[in-house]
Amino acid sequence: FIFNTLNNVQSLFNANDKLAANEYLRIFADLIRQNMHNVSKELIPLQREIVLVMNYLMLEKLRFEDKLNYVINVDEDIDPSEFMVPPLLIQPLVENSIKHGILPMKERGGTVIINVEERDNAILVREPVY
């Protein structure tokens with residue numbers, strides 16, 4: 001992921017698209033900073049995990065353009081700032097859905113859908129659909 005991101009930034013600079021390259025780097029820096037902060041904790045607020053996943057998806061959207069879309073649905077009964085989860089709970093699922101689901105369908109692309117629901121006093125993150 002890091003290698004691909006840096007290659008994408010290099011391509012943007014080589015194409016003289018400095019504005020896009022700077023935006024890509026800004027999101028990438030935010031994502032790395034969030035990741036380093038989150039993994040040092042045993043549990044983080046669900047809201048932090050969602051923000052990290054959104055930044056990851058924004059980077060991938062820049063990479064795949066109109067071939068990648070995403071939707072994140074959080075049940076309205078869940079307060080994402082109150083519910084604690086292990087760091088990197090959702091992001092690896094999303095990464096795998098892109099790698100194994102959307103990437104092979106480069107021509108038509110796809111949509112990652114993340115559904116977070118409360119069920120039986122627990123949070124259910126349904127596997128992303130592609």
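- The salt bridge (charged side-chain N to carboxylate O under 4.0 Å, His left out) check on E23 picks up R26, with sequence neighbours excluded.
- Contact record, P104 with I98: CD-O, 4.4 Å, taken as the closest heavy-atom pair.
- The side-chain hydrogen bond (donor to acceptor under 3.5 Å, both in side chains) test applied to Y70 returns no partner, not counting sequence neighbours.
- Listed for the Q47 side chain is no donor-acceptor partner under 3.5 Å among the backbone atoms of F83.
- Of all the heavy atoms in V53 and Q91, the pair that sits closest is CG2-N, 3.7 Å.
- Residues satisfying the side chain to side chain contact (heavy atoms under 4.5 Å, CB included) criterion with R108, sequence neighbours excluded, are M105.
- No side-chain heavy atom of V116 sits less than 4.5 Å from a side-chain heavy atom of L124.
- Taking CD1 from I114 and OG from S97, the interatomic distance works out to 7.0 Å, rounded to the nearest 0.5 Å.
- For the residue pair I78 and E118, the shortest heavy atom distance occurs at CD1-N, 3.5 Å.
- Looking at heavy atoms from C-beta onward, E60 lies out of side-chain contact with V112 at the 4.5 angstrom threshold.
- Note that CG of D66 is 6.5 Å distant from NZ of K61, once rounded to the nearest 0.5 Å.
- Applying the side-chain hydrogen bond (donor to acceptor under 3.5 Å, both in side chains) test to K99 and every residue at least two apart in sequence or in another chain returns nothing.
- For A20, the side chain to side chain contact (heavy atoms under 4.5 Å, CB included) test picks out L12, D17, with sequence neighbours left out.
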Run the side-chain donor-acceptor check on residues 38-45: report pairs under 3.5 Å with partners two or more places apart or on a different chain.
residue: N38; atom: ND2; partner: Q34; partner atom: O; Å: 3.4
residue: S40; atom: OG; partner: H37; partner atom: O; Å: 2.7

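- Rounding to the nearest 0.5 angstrom, the gap separating the CE atom in M58 from the CG atom in N55 is 4.0 Å.
- Residue Y24 is grouped with residue I32 when hydrophobic side chains (ILVMFWY) are merged at heavy-atom distances under 4.5 angstrom, including chains of intermediate members.
- In the hydrophobic cluster analysis, where Ile, Leu, Val, Met, Phe, Trp and Tyr join through side-chain heavy atoms closer than 4.5 angstrom, L25 is grouped together with L62.
- Between M54 and the choices L52, I50, L57, the side chain to side chain contact (heavy atoms under 4.5 Å, CB included) rule is met once, by I50.
- Both F28 and M36 are part of a single hydrophobic cluster, where members link through side-chain heavy atoms under 4.5 Å apart.
- Atoms CG and CG, from L103 and N96 in turn, are 12.0 Å apart once rounded to the nearest 0.5 Å.
- With hydrophobic clusters built from ILVMFWY side chains whose heavy atoms lie under 4.5 angstrom apart, L6 shares a cluster with I27.
- Judged as a salt bridge (Lys or Arg N to Asp or Glu O under 4.0 Å), not a single pair has a partner in residues 74-93 (not counting sequence neighbours).
- Side-chain N/O atoms of N115 and N73 include a donor and acceptor closer than 3.5 Å.
- The minimum heavy-atom distance between V85 and L89, with the atom names listed, is CB-CD2, 4.0 Å.
- In this structure a side-chain-to-backbone donor-acceptor pair under 3.5 Å is missing from N35 to L31.
- The distance from the OH atom of Y56 to the CD atom of E95 is 4.0 Å, given to the nearest 0.5 Å.
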